[in-house]
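To start, the structure under review is shown below, and the notes come after it.
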Amino acid sequence: MQHIIEEAYDYTKKWLGKGKAADYIPELAKADVNDLAICITDLGGRTESVGESKKKFTMQSISKLIILITALKDVGFDEVFKRVGMEPTGDPFNSIIRLETMTSKPMNPMINAGAISVTTCIKGENAEERFEKIRETASVLLGDPDITYNKDVYKSETATGHRNRALAYMMLSSGIFDGSVEEHLEVYFKACSMMVNCEELSLMGAVLANDGVSPINGKLLIEPFHNRVVRSLMTTCGMYDASGEFAMRVGIPAKSGVGGGIMGAVPSRMGIAVYSPALDEKGNSYCGIKAMEYISSVLDLSIF
């Protein structure tokens with residue numbers, strides 16, 4: 001497997017310099033756009049990696065999976081999907097249009113409005129207690145007991161997250177959830193700011209690929225039905241409004257984040273993660289997409 005990811009790295013690095021780092025969150029604009037990492041974890045727990053595989057970056061929208069897993073564990077499927085739908089949108093991840101034109105719950109948990117709504121399901125006495133539940137879920141799935149969030153990125157997101165604030169207040173006014181918008185957003189922004197590396201993401205992908213069972217110790221980490229829910233939403237909604245094209249070109253359940261990471265879960269085979277912070281116009285890692293396309297083609301990974 002090592003030679004495959006090395007070939008993928010050599011194939012992909014010719015696109016370094018294409019795209020640009022996210023700059024609407026000022027701290028993310030500081031990322032080195034020449035960084036590139038590719039990792040695969042098989043279902044025996046072995047991880048192969050190349051490039052900047054241990055370099056930490058913020059999860060951003062990949063954390064939506066962890067928010068969803070935490071909420072499903074906390075309140076169950078029915079309660080979560082009272083507050084969010086399960087259909088793809090075809091709109092950008094931060095779109096407000098569906099909430100403007102339809103006074104209903106957000107379309108799915110993989111867009112910002114949906115993830116904020118799912119965050120409101122997580123119970124706790126305060127924001128700190130609620131975020132700790134998410135952090136604990138992340139630490140188990142990523143194999144990092146010390147996982148934490150980047151305080152500078154969190155502050156940057158809080159200071160500039162006006163559209164997310166607008167989405168939240170629109171949902172509050174429609175009765176989709178109640179409580180303090182600022183508390184809900186504190187939990188959400190901290191989750192998005194959690195730090196991870198490519199190897200850890202590939203391990204989480206392997207857990208999802210393995211029906212929720214850790215490939216390291218054989219423990220059940222995600223209830224099987226919840227695992228299917230998450231993988232299904234990754235397939236249909238995980239790559240923002242490029243999810244359909246990604247399904248055709250790559251064909252595996254995946255989730256991207258504007259921090260430059262993409263995590264994939266190939267059912268019954270492996271977890272894959274890539275990291276390169278320069279993004280395309282849809283908000284997905286430019287080189288990450290290229291690497292995923294190469295690996296899927298060479299290993300015939302498409303589930304379709």
Could you check whether any side-chain N or O of [X] sits under 3.5 Å from a backbone N or O of [Y], counting only pairs where one atom can act as donor and the other as acceptor?
{"X": "S243", "Y": "M239", "answer": "yes"}
{"X": "K105", "Y": "F81", "answer": "yes"}
{"X": "N227", "Y": "G212", "answer": "yes"}
{"X": "N108", "Y": "E87", "answer": "yes"}
{"X": "T41", "Y": "G271", "answer": "no"}
{"X": "S53", "Y": "V50", "answer": "no"}
{"X": "S232", "Y": "R228", "answer": "yes"}
{"X": "E129", "Y": "E125", "answer": "yes"}
{"X": "R135", "Y": "T148", "answer": "no"}
{"X": "S49", "Y": "C39", "answer": "no"}

Check this for me: [X], atom [atom1], are more than 12 non-hydrogen atoms of other residues, nucleotides or ligands nearer than 6.0 Å?
{"X": "D178", "atom1": "CG", "value": "no"}
{"X": "K14", "atom1": "NZ", "value": "yes"}
{"X": "Q2", "atom1": "CD", "value": "yes"}

Answer yes or no: is there a side-chain heavy-atom contact under 4.5 Å between [X] and [Y]?
{"X": "C198", "Y": "E52", "result": "no"}
{"X": "I303", "Y": "P253", "result": "yes"}
{"X": "M171", "Y": "I116", "result": "yes"}
{"X": "V230", "Y": "I69", "result": "yes"}
{"X": "S202", "Y": "I272", "result": "no"}
{"X": "I4", "Y": "L299", "result": "yes"}
{"X": "Y286", "Y": "L279", "result": "no"}
{"X": "M110", "Y": "L68", "result": "yes"}

First locate atom [atom1] of [X], then atom [atom2] of [Y], and finally report the distance between them rounded to the nearest 0.5 Å.
{"X": "F177", "Y": "T119", "atom1": "CZ", "atom2": "OG1", "value": "9.0 Å"}
{"X": "M234", "Y": "S256", "atom1": "CE", "atom2": "OG", "value": "10.0 Å"}
{"X": "K255", "Y": "C237", "atom1": "NZ", "atom2": "SG", "value": "9.5 Å"}
{"X": "I222", "Y": "L208", "atom1": "CD1", "atom2": "CG", "value": "4.5 Å"}
{"X": "L141", "Y": "L65", "atom1": "CG", "atom2": "CG", "value": "9.5 Å"}
{"X": "K56", "Y": "N150", "atom1": "NZ", "atom2": "CG", "value": "11.5 Å"}

Quick check: closest heavy atoms across [X] and [Y], and the distance to 0.1 Å?
{"X": "C287", "Y": "T12", "result": "O-CG2, 3.1 Å"}
{"X": "V84", "Y": "P109", "result": "CG2-N, 3.6 Å"}
{"X": "G264", "Y": "I252", "result": "CA-CD1, 4.1 Å"}
{"X": "L43", "Y": "S268", "result": "CD1-C, 3.4 Å"}
{"X": "S302", "Y": "S296", "result": "N-OG, 3.7 Å"}
{"X": "C121", "Y": "D74", "result": "O-OD2, 4.1 Å"}

Test item: side-chain donor near acceptor, K64 and N112, under 3.5 Å: yes
message: Hydrogens and angles aside, do T137 and T70 bring a side-chain donor and acceptor to less than 3.5 Å of each other?
response: yes
Qualifying residue, where the test is side-chain hydrogen bond (donor to acceptor under 3.5 Å, both in side chains) with K55 and the options are N197, D32, D35: D35
Ion pair check, [X] and [Y], cut-off under 4.0 Å:
{"X": "K133", "Y": "E136", "result": "no"}
{"X": "E223", "Y": "K73", "result": "no"}
{"X": "E281", "Y": "K20", "result": "no"}
{"X": "D78", "Y": "R83", "result": "no"}
{"X": "K290", "Y": "D280", "result": "no"}
{"X": "R46", "Y": "E48", "result": "yes"}

Transitively linked via ILVMFWY side-chain contacts under 4.5 Å: [X] with [Y]?
{"X": "L185", "Y": "I134", "value": "yes"}
{"X": "V196", "Y": "F131", "value": "yes"}
{"X": "I176", "Y": "V80", "value": "yes"}
{"X": "M195", "Y": "L28", "value": "no"}
{"X": "L221", "Y": "V266", "value": "no"}

query: Should R269 and L301 be marked as a side chain to side chain contact (heavy atoms under 4.5 Å, CB included) after you check the CA-CA gap, both sets of side-chain angles, and the distance that decides it?
result: CA-CA 9 Å; R269 294 187 67 177; L301 299 181; 3.4 Å; yes
- prompt: Yes or no on side chain to side chain contact (heavy atoms under 4.5 Å, CB included) for Y24 and T160, after CA distance, side-chain angles and deciding distance?
  reply: CA-CA 8 Å; Y24 65 93; T160 60; 5.9 Å; no
message: Do K151 and Y149 form a cation-pi contact, if we require the NZ or CZ to be under 6.0 Å from the six-membered ring centre and within 45 degrees of the ring's axis?
response: yes
task: Please confirm whether K282 makes a cation-pi placement over Y240, using NZ or CZ under 6.0 Å from the six-membered ring centre and within 45° of the ring normal.
output: no
task: Measure up the Y275 and F57 rings against each other and bin them: parallel (under 30°), tilted (30 to 60°), perpendicular (over 60°).
output: parallel
message: I'd like to know whether I25 forms a side chain to side chain contact (heavy atoms under 4.5 Å, CB included) with Q60, so could you lay out the CA-CA distance, the side-chain angles of the two residues, the decisive distance to 0.1 Å, and finally the verdict.
response: CA-CA 11 Å; I25 301 171; Q60 297 301 321; 3.9 Å; yes
field: With sequence neighbours excluded, residues passing side-chain hydrogen bond (donor to acceptor under 3.5 Å, both in side chains) with R165
entry: E182
query: Run the side chain to side chain contact (heavy atoms under 4.5 Å, CB included) check on I38 and Y294 step by step: do they pass?
result: CA-CA 11 Å; I38 305 171; Y294 183 90; over 6 Å; no
- request: With sequence neighbours excluded, tell me which residues meet side-chain contact (heavy atoms from CB on, under 4.5 Å) with E183.
  value: A127, R130, S180
